[in-house]
Amino acid sequence: IKSDTMPKFRVRFAPSPTGELHIGNVRTAIFNWLFARRNGGTFILRIEDTDSERSTAESERSIREDLRWLGLDWDEGPEKDGPFAPYYQSQRKQIYQEYADRLMQSGSAYHCFCTEEELEEKKKLFIKKGVQPRYDGNCRNLSEDQRKQFESHGRKPAIRFKIIQREASFVDLVRGKVSFNCDLIGDFIIIRSDGMASYNFSASVDDALMQISHVFRGEDHLSNTPRQIMILSALGYTSPTYAHLSIIVHKDKCKLKK
Ligand code: GLU
């Protein structure tokens, strides 16, 4: 599909179906929907159900019902389909694997054999030292022998993104220029050892493939954006324009939960 046949403005509302929508999610959906309708763009509903333990068909159904009740009709997504179907991330596993393989081949990603327990131990050490925990790069440069040894012990690798830049910055429509020190982020997982893509990876790949032009989402996702920008750039895609909206909080300033 050529991008010049697509409307210029393509936005998405991408809920994880792990509970009912709350007023904060609805606010995000409204921003996206209004932006699409105002600009003759396309409003996409994408279901981010890669977390099979927490996602339920019941939540997914109630999200669709609530959006319909609010009059927030979508142009592409469940029930509608569209040129970039499927719009359920749980059905796009192979796509994520293919893009992770590309990153492996270009040297932007690597297999990580560290176990949960090992990572937990290292995390504790970081905290003890008073520094922000991050992956220490243990599996970045494994030799063929080391790799084989891990495999022979039955360890299944996760795939990590290899961060090479010192800084990631972007211009946010709400906040202006935002910069992150990448040293503090650390190589992060894009495909878990069970084969499922992480949120940052599936969201980035889908934003690229679905030709999303603008991402309006809660500012609780701000710290994910440098990761997504790095993934997109390593895959050779331009990032969408981001707008991180202030979030609605409880009286005690806690985030709303589903
Ligand atoms: N699934 C994410 C959420 O529900 C979507 C975040 C995003 O819009 O990228 O918070």
Side-chain angles (χ1 to χ4, degrees), residues 9-36 41-64 66-67 70 72 74 76-78 84 86-93 95-96 99 161 168 170 172-175 178 180 188-190 192 196-232 235 237 239-249 254-258:
F9 297 108
R10 292 178 53 83
V11 292
R12 84 306 192 274
F13 177 54
S16 305
T18 53
E20 289 180 13
L21 288 185
H22 58 59
I23 196 76
N25 305 133
V26 169
R27 182 167 176 263
T28 301
I30 290 175
F31 269 100
N32 281 287
W33 182 85
L34 283 173
F35 184 81
T42 304
F43 177 60
I44 295 151
L45 175 61
R46 183 170 79 215
I47 305 295
E48 302 209 321
D49 54 353
T50 50
D51 184 344
S52 56
E53 270 166 37
R54 293 176 60 225
S55 303
T56 66
E58 173 53 27
S59 307
E60 193 262 322
R61 191 188 51 78
S62 94
I63 290 171
R64 277 187 284 122
D66 289 348
L67 290 175
L70 288 157
L72 303 178
W74 55 96
E76 291 174 26
F84 303 107
Y87 292 89
Y88 289 89
Q89 290 192 325
S90 56
Q91 296 170 18
R92 299 173 65 80
K93 207 172 155 184
I95 300 177
Y96 307 135
Y99 280 83
F161 184 81
F170 60 97
D172 186 85
L173 286 187
V174 177
R175 297 177 159 241
V178 191
F180 286 87
F188 54 92
I189 290 184
I190 55 173
R192 293 196 294 256
M196 241 331 160
S198 69
Y199 154 69
N200 277 305
F201 193 58
S202 52
S204 312
V205 168
D206 286 350
D207 285 345
L209 297 183
M210 296 178 182
Q211 299 180 14
I212 301 300
S213 65
H214 293 73
V215 170
F216 295 91
R217 62 182 169 204
E219 66 181 0
D220 48 329
H221 284 290
L222 193 65
S223 62
N224 286 320
T225 308
R227 294 174 176 84
Q228 297 180 11
I229 285 177
M230 288 189 276
I231 291 169
L232 288 166
L235 287 171
Y237 290 107
S239 304
T241 300
Y242 297 95
H244 289 89
L245 314 166
S246 57
I247 56 172
I248 300 178
V249 290
C254 285
K255 241 174 89 174
L256 296 184
K257 296 228 168 63
K258 279 189 186 137

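In this chain, numbering begins with 1 at the start of the sequence shown. Read the numbers this way: they start at 1 and go in the same order the structure lists the ligands and their atoms. Because the structure is predicted, anything quoted here is derived from the model rather than measured.
- Side-chain contact check for Arg46 versus Met210: some heavy-atom pair is nearer than 4.5 Å.
- Contact annotation: for Phe13 versus ligand 1, there are no heavy atoms closer than 4.0 Å.
- Rounding to the nearest 0.5 Å places OG of Ser213 at 10.0 Å from CG of Asp207.
- Close approach of ligand 1 to Ser16 is summarised as follows: ligand atoms under 4.0 Å from at least one heavy atom of the residue are 1 (N), 2 (C), 3 (C), 4 (O).
- Of the candidates Ser16, Pro78, Pro15, Ile63 forms a side-chain contact (heavy atoms from CB on, under 4.5 Å) with just one, namely Pro15.
- The shortest contact between atom 8 (O) of ligand 1 and any protein heavy atom is with Arg12 NH1, 2.7 Å.
- Looking at His214 and Leu173, their side chains come closer than 4.5 Å, going by heavy atoms from C-beta outward.
- By heavy-atom distance, the residue among Arg46, Gln228, His221 lying nearest atom 10 (O) of ligand 1 is His221.
- Remark: ligand 1 atoms within the under-4.0 Å shell around heavy atoms of Arg217 are 7 (C), 8 (O), 9 (O).
- Proximity of Ala203 to ligand 1, defined as any heavy-atom pair under 4.0 Å, is not found for any part of the residue.
- A donor and an acceptor atom, one from each side chain of Tyr237 and Gln211, are nowhere located under 3.5 Å apart.
- When atom types are taken as modelled, the side chain of Arg217 and the backbone of Tyr242 share no donor-acceptor pair closer than 3.5 angstrom.
- Among protein heavy atoms, the minimum distance from atom 9 (O) of ligand 1 is reached at Tyr199 OH, 2.6 Å.
- Below 30°, between 30° and 60°, or above 60°: for Phe9 and Phe35 the angle between ring planes is above 60°, a perpendicular geometry.
- Here's the thing with Val215: none of its N/O atoms is less than 3.5 angstrom from an N/O atom of ligand 1.
- Listed by number with element, the atoms of ligand 1 under 4.0 angstrom from any heavy atom of Glu48 are 1 (N), 2 (C), 5 (C).
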